[in-house]
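The structure under discussion appears below in the form of structure tokens.
Naming: A, B, ... by sequence-line order, numbering from 1 per chain.
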Amino acid sequence: NIMERKQEARNPFYRVVEITDETSDPEIWGKDFPFQYDGYKRTVDMVRTRFGGSEAFPRTPSEADPRSIVARSKLEQDPRLKTMWAGYAFSRDYRERRGHAYMLEDQTYTERQQVAQPGTCLHCHASVYAPYKKLGGGDLIKGFEKMNQMSFKEARAMVTHPIACIDCHDPKTMELRVTRPGFLEGIKALKAHQGVKDYDVNKMATRQEMRSYVCGQCHVEYYFKGQEKRLVYPWQNGLKVDEIYAYYQEVNHKDWVHGETGAPMLKAQHPEFEMYNQGIHARSGVACADCHMPYKREGAFKVSDHHVRSPLLNINRACQTCHKWPEEELRERVNIIQERTYQLRGLAMNALMDFIKDIKAARTSGASEAQLAKPYELQRRAQFYLDFIESENSMGFHAPQEAARILGESIDFCRQGQMSLRPSAAAAVSLK
Amino acid sequence: NIMERKQEARNPFYRVVEITDETSDPEIWGKDFPFQYDGYKRTVDMVRTRFGGSEAFPRTPSEADPRSIVARSKLEQDPRLKTMWAGYAFSRDYRERRGHAYMLEDQTYTERQQVAQPGTCLHCHASVYAPYKKLGGGDLIKGFEKMNQMSFKEARAMVTHPIACIDCHDPKTMELRVTRPGFLEGIKALKAHQGVKDYDVNKMATRQEMRSYVCGQCHVEYYFKGQEKRLVYPWQNGLKVDEIYAYYQEVNHKDWVHGETGAPMLKAQHPEFEMYNQGIHARSGVACADCHMPYKREGAFKVSDHHVRSPLLNINRACQTCHKWPEEELRERVNIIQERTYQLRGLAMNALMDFIKDIKAARTSGASEAQLAKPYELQRRAQFYLDFIESENSMGFHAPQEAARILGESIDFCRQGQMSLRPSAAAAVSLK
Amino acid sequence: MKNAAFKSGLVLACLVGVAAGIGGYTFIYARGASYLTNDARACANCHIMDDHYSAWIQSSHRSVATCNDCHTPKGFIGKYATKANNGFWHSFAFTTGRYPDPIRITPRNRRIAEAACLKCHAPLVAEIQGSHAGPDKLSCIRCHSTVGHPR
Ligand SMILES: [Ca+2]
Ligand SMILES: [Ca+2]
């Protein structure tokens with residue numbers, strides 16, 4: 001009713017409880033900000049879209065894994081993934097992502113844990129801000145470094161909540177802030193590369209940038225560096241797949257050795273932030289939050305929808321502020337982009353399977369390490385490029401042409417790799 | 001002065017001379033529509049952009065070719081094109097397109113004419129509307145069929161002007177109309193495929209559609225069918241490259257036999273209309289004319305800029321009404337799309353060169369027709385896909401992701417073709 | 001569909017005088033009288049029009065066209081009929097909070113806005129309009145949708 005509406009308009013931030021920099025529990029924050037808290041809680045919803053969202057699969061809880069509902073297994077949807085990641089934990093269990101509410105339990109119970117994992121993992125799956133500071137005696141980075149070196153089990157005992165308000169917000173001003181060392185250091189390296197010295201994201205970023213940076217804290221490619229298992233975002237040369245690959249070549253890192261070919265491999269994980277930055281929306285200053293947390297009218301004032309989810313489940317608010325097209329049309333536009341990406345991804349996947357088969361054949365017919373050097377480098381590269389799209393969660397939408405370009409190159413690397421293992425068409429005859 | 005403007009305003013189409021359906025000469029139309037005529041004449045300008053526009057190259061006129069200025073040779077820019085089109089007229093002379101004013105002379109004097117060409121060619125390079133009707137005794141289609149079967153020389157004598165007003169406009173109402181049999185029949189076949197019976201473009205198209213269809217009269221892929229050299233637009237299955245290729249397979253057409261490999265080839269030509277239709281602008285109802293003939297203020301009126309050219313030479317009018325970004329930013333956006341396309345196009349071109357080399361090698365080392373069947377089909381397909389982007393004149397802009405997807409597939413076809421010519425990695429050893 | 005039936009049902013209810021209840025209160029409260037003026041601020045009485053108001057302030061038209069110039073048709077009758085219609089539905093929607101967000105222009109009001117351009121620009125576009133009529137008339141909004149309030 002109108003009376004209320006005018007009321008609300010006057011005092012948006014009416015506090016009932018005090019919140020400190022130690023308050024991890026979102027329920028407490030929720031007392032002051034009920035609208036946001038309500039949205040936040042709704043991230044438990046599981047609804048599918050053609051390529052996104054998530055689907056609830058019931059399972060019988062076990063001692064080891066008490067979850068009665070999990071997201072769909074990507075490995076079962078496309079068994080080629082098992083060959084792609086042979087010898088790596090991802091070949092055991094890899095599922096569709098789902099809402100933020102699940103991040104901690106999904107990480108705790110994934111079968112990937114059957115391989116010993118470090119405490120580092122929690123950086124992106126739990127509300128670690130307060131725990132880090134506690135562990136570091138007030139020093140965030142120290143705490144981060146300590147937890148990285150613990151075992152997952154050990155570290156897991158120190159956290160309680162999945163991502164919470166405190167991980168993105170300053171409790172006093174409610175302004176956005178970056179709390180993740182991985183991003184603090186990653187963006188600093190990136191800016192340095194771009195010629196900006198000593199970049200401090202929390203001091204120097206614009207508000208609109210922060211609306212993406214808070215997501216970039218986790219939705220990025222990463223690796224664990226050295227014995228200290230330090231979490232590093234490989235952005236020193238830039239955010240493009242080619243620049244990231246170049247970085248890994250320089251530091252000569254490998255995540256694992258391929259189980260079927262023996263090549264030194266790299267795993268790409270959810271480079272949403274990197275791919276988004278190659279797209280037209282990023283260039284247009286559109287932030288992750290604009291689409292994934294669009295404004296929502298609650299009474300007289302607008303709040304950000306904290307039910308972070310697929311924008312396709314919320315097209316009116318997520319897209320129609322900027323695009324006056326009917327909902328159906330917008331859905332179809334996304335669909336065209338995603339289907340195109342999916343088709344090319346399928347071709348790249350086939351090329352990779354052929355290539356892996358060839359390397360295996362070459363090894364069994366006694367190819368030397370020297371002969372395998374080139375194929376190995378090509379598999380490493382082809383697969384990283386393909387994985388960069390496979391593990392990116394928008395099926396190409398965040399940067400349609402770039403996604404297609406990367407897949408095209410991946411195909412080329414695979415096929416050239418196969419070629420390098422075969423005698424030339426002419427030579428074939430003169431072979432012994 | 002104001003008084004006059006008011007005058008003009010009341011009857012925009014104030015005529016000083018009468019124009020009939022036989023009036024081919026644009027100068028006469030220009031008396032009634034000076035603004036449009038002025039723009040039309042300016043298509044002689046030659047200005048470059050990174051990938052478009054055109055550049056004036058002086059040459060010493062000869063008996064055979066009196067032109068003192070020509071556009072840059074694409075064959076010299078990238079000699080791989082000569083190998084790609086070996087054995088076909090395009091390997092002799094292929095230049096950058098330039099303004100409409102040049103269409104007739106460029107066609108008349110291209111060295112491609114050293115191979116006998118049919119009268120059909122004129123369909124898209126001259127104002128043939130009146131000549132067709134004359135030749136057909138009032139029947140456009142009859143005239144078209146007759147001219148197709150003449151030699152180029154013979155037919156050339158029947159036309160005087162490059163494209164003129166009459167080719168796109170109804171002289172009475174000045175409304176747009178399609179005058180080209182190739183498009184009339186092509187769009188009819190396409191609509192039939194989409195379930196629309198007896199489609200008559202001049203009766204059934206919306207005005208906005210016509211703002212693209214008039215361009216689709218010529219900026220399309222085509223081939224000459226049978227002995228009658230009938231001009232046909234291969235749209236029976238749709239406008240996508242895959243659908244067009246499928247059509248050529250069905251009618252089992254070939255443009256020429258490849259000079260170095262002996263494969264039965266297809267040539268793709270300027271599929272602007274087809275590619276544009278795969279892009280976001282077409283979906284958004286943006287017409288060719290919106291970007292290539294944007295409105296322009298002339299005195300008291302807005303008129304369509306009849307200086308048809310690269311929008312990058314006119315970003316302010318061509319783009320900024322819809323996109324409120326700075327001119328530099330818009331140029332950069334196009335550049336990013338085009339550079340990405342260009343990079344992938346380079347990779348596809350290399351793949352094709354490798355493939356052609358392999359087929360040649362296989363032939364010299366005595367491969368049988370049977371062994372060559374598969375490589376031939378793959379070269380035909382790979383090359384048609386690559387050519388579909390190479391000969392499309394926006395370097396990917398009209399449909400960025402689709403362009404990348406097509407190039408990605410082209411690479412895959414080439415590399416698989418190479419593979420098909422080589423013994424398997426394992427088999428290699430057991431070879432004799 | 002359901003919504004439509006609902007609306008008509010409500011229109012009836014108003015005739016019976018319920019409107020005097022909610023509608024009436026809103027009318028006075030939201031300075032309904034000013035709704036009948038050409039003052040753009042009248043529209044901004046509703047916070048949900050704020051965005052458009054502040055955008056309009058920055059638009060090329062702020063000094064030349066008010067909301068009503070673009071959102072009401074030519075002529076006295078049409079103008080006030082539309083105002084009554086929008087006024088009622090906007091008040092109603094506002095009071096009940098039943099409306100799409102972001103707000104979407106209705107086809108009717110879109111046509112009105114289209115036509116409004118010609119109120120002032122007819123001469124300028126006479127030539128590009130040419131002999132076209134009806135659905136084939138040039139849509140201005142296709143290219144100039146933001147002249148009144150940039151997005
Ligand atoms: Ca990684
Ligand atoms: Ca052709």
Side-chain angles (χ1 to χ4, degrees), chain A residues 278 280 283-285 323 325 329 332-333 336-337 340-341 343-344 347-348 350-351 354-355 357-367 371 375 396 399-432, chain B residues 278 280 283-285 323 325 329 332-333 336-337 340-341 343-344 347-348 350-351 354-355 357-367 371 375 396 399-432:
Chain A
Q278 307 315 317
I280 198 76
R283 266 203 94 83
S284 305
H323 300 289
W325 310 109
E329 168 63 13
E332 186 50 25
R333 287 180 182 198
I336 288 169
I337 291 169
R340 239 189 232 126
T341 310
Q343 186 209 345
L344 214 48
L347 297 180
N350 289 337
D354 294 348
F355 186 20
K357 200 141 112 287
D358 279 6
I359 303 181
K360 280 165 65 182
R363 285 176 96 200
T364 41
S365 51
Q371 288 169 308
Q401 192 194 17
E402 174 72 351
R405 181 218 125 209
I406 292 172
L407 290 170
E409 294 212 28
S410 178
I411 291 172
D412 202 17
F413 295 137
C414 285
R415 299 304 189 187
Q416 288 193 44
Q418 286 185 273
M419 221 78 64
S420 72
L421 286 165
R422 298 167 184 227
S424 76
V429 183
S430 58
L431 249 186
K432 144 99 292 43
Chain B
Q278 308 314 317
I280 198 77
R283 267 201 93 82
S284 305
H323 300 288
W325 310 109
E329 168 61 13
E332 187 49 26
R333 288 182 182 197
I336 288 169
I337 291 168
R340 241 190 232 125
T341 310
Q343 187 210 345
L344 213 49
L347 296 180
N350 288 340
D354 294 348
F355 186 19
K357 199 141 114 288
D358 280 5
I359 303 181
K360 280 165 66 181
R363 283 176 97 202
T364 41
S365 52
Q371 289 168 307
Q401 192 195 16
E402 175 72 351
R405 182 219 126 208
I406 292 172
L407 290 170
E409 294 213 26
S410 177
I411 291 172
D412 202 18
F413 294 136
C414 286
R415 299 305 188 185
Q416 288 192 42
Q418 287 184 270
M419 222 77 64
S420 72
L421 287 165
R422 297 166 182 227
S424 73
V429 183
S430 59
L431 251 185
K432 144 97 286 49

Identify the two heavy atoms, one from [X] and one from [Y], that lie closest to each other, and give their separation to 0.1 Å.
X	Y	answer
B/Arg283	A/Arg333	O-NH2, 3.3 Å
A/Arg422	B/Met419	NH1-CG, 3.3 Å
A/Gln401	B/Ile337	NE2-O, 3.2 Å

Does the side chain of B/Gln343 pick up a donor-acceptor pair with the side chain of A/Glu409 at under 3.5 Å?
->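 Present: a donor and an acceptor within the cut-off.
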How many angstroms lie between SG in B/Cys414 and CG in A/Asp412, if you round to the nearest 0.5 Å?
->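 Answer rounded to 0.5 Å: 9.0 Å.
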Side chain to side chain contact (heavy atoms under 4.5 Å, CB included) with B/Arg405: which of A/Leu344, A/Leu407, A/Leu347?
->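 When side chain to side chain contact (heavy atoms under 4.5 Å, CB included) is applied between B/Arg405 and each of A/Leu344, A/Leu407, A/Leu347, only A/Leu344 qualifies.
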Residue [X] versus chain B: region with a heavy atom under 4.5 Å:
X	answer
A/Ser284	both
A/Ser410	neither
A/Glu402	both

Check whether B/Thr341 gets within reach of chain A through its side chain, its backbone, both or neither, counting any heavy atom under 4.5 Å.
->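 Both parts, heavy atoms under 4.5 Å.
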Is chain A contacted by the side chain of B/Gln278, its backbone, both, or neither, given a heavy-atom distance below 4.5 Å?
->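 Both backbone and side chain of B/Gln278 come within 4.5 Å of chain A.
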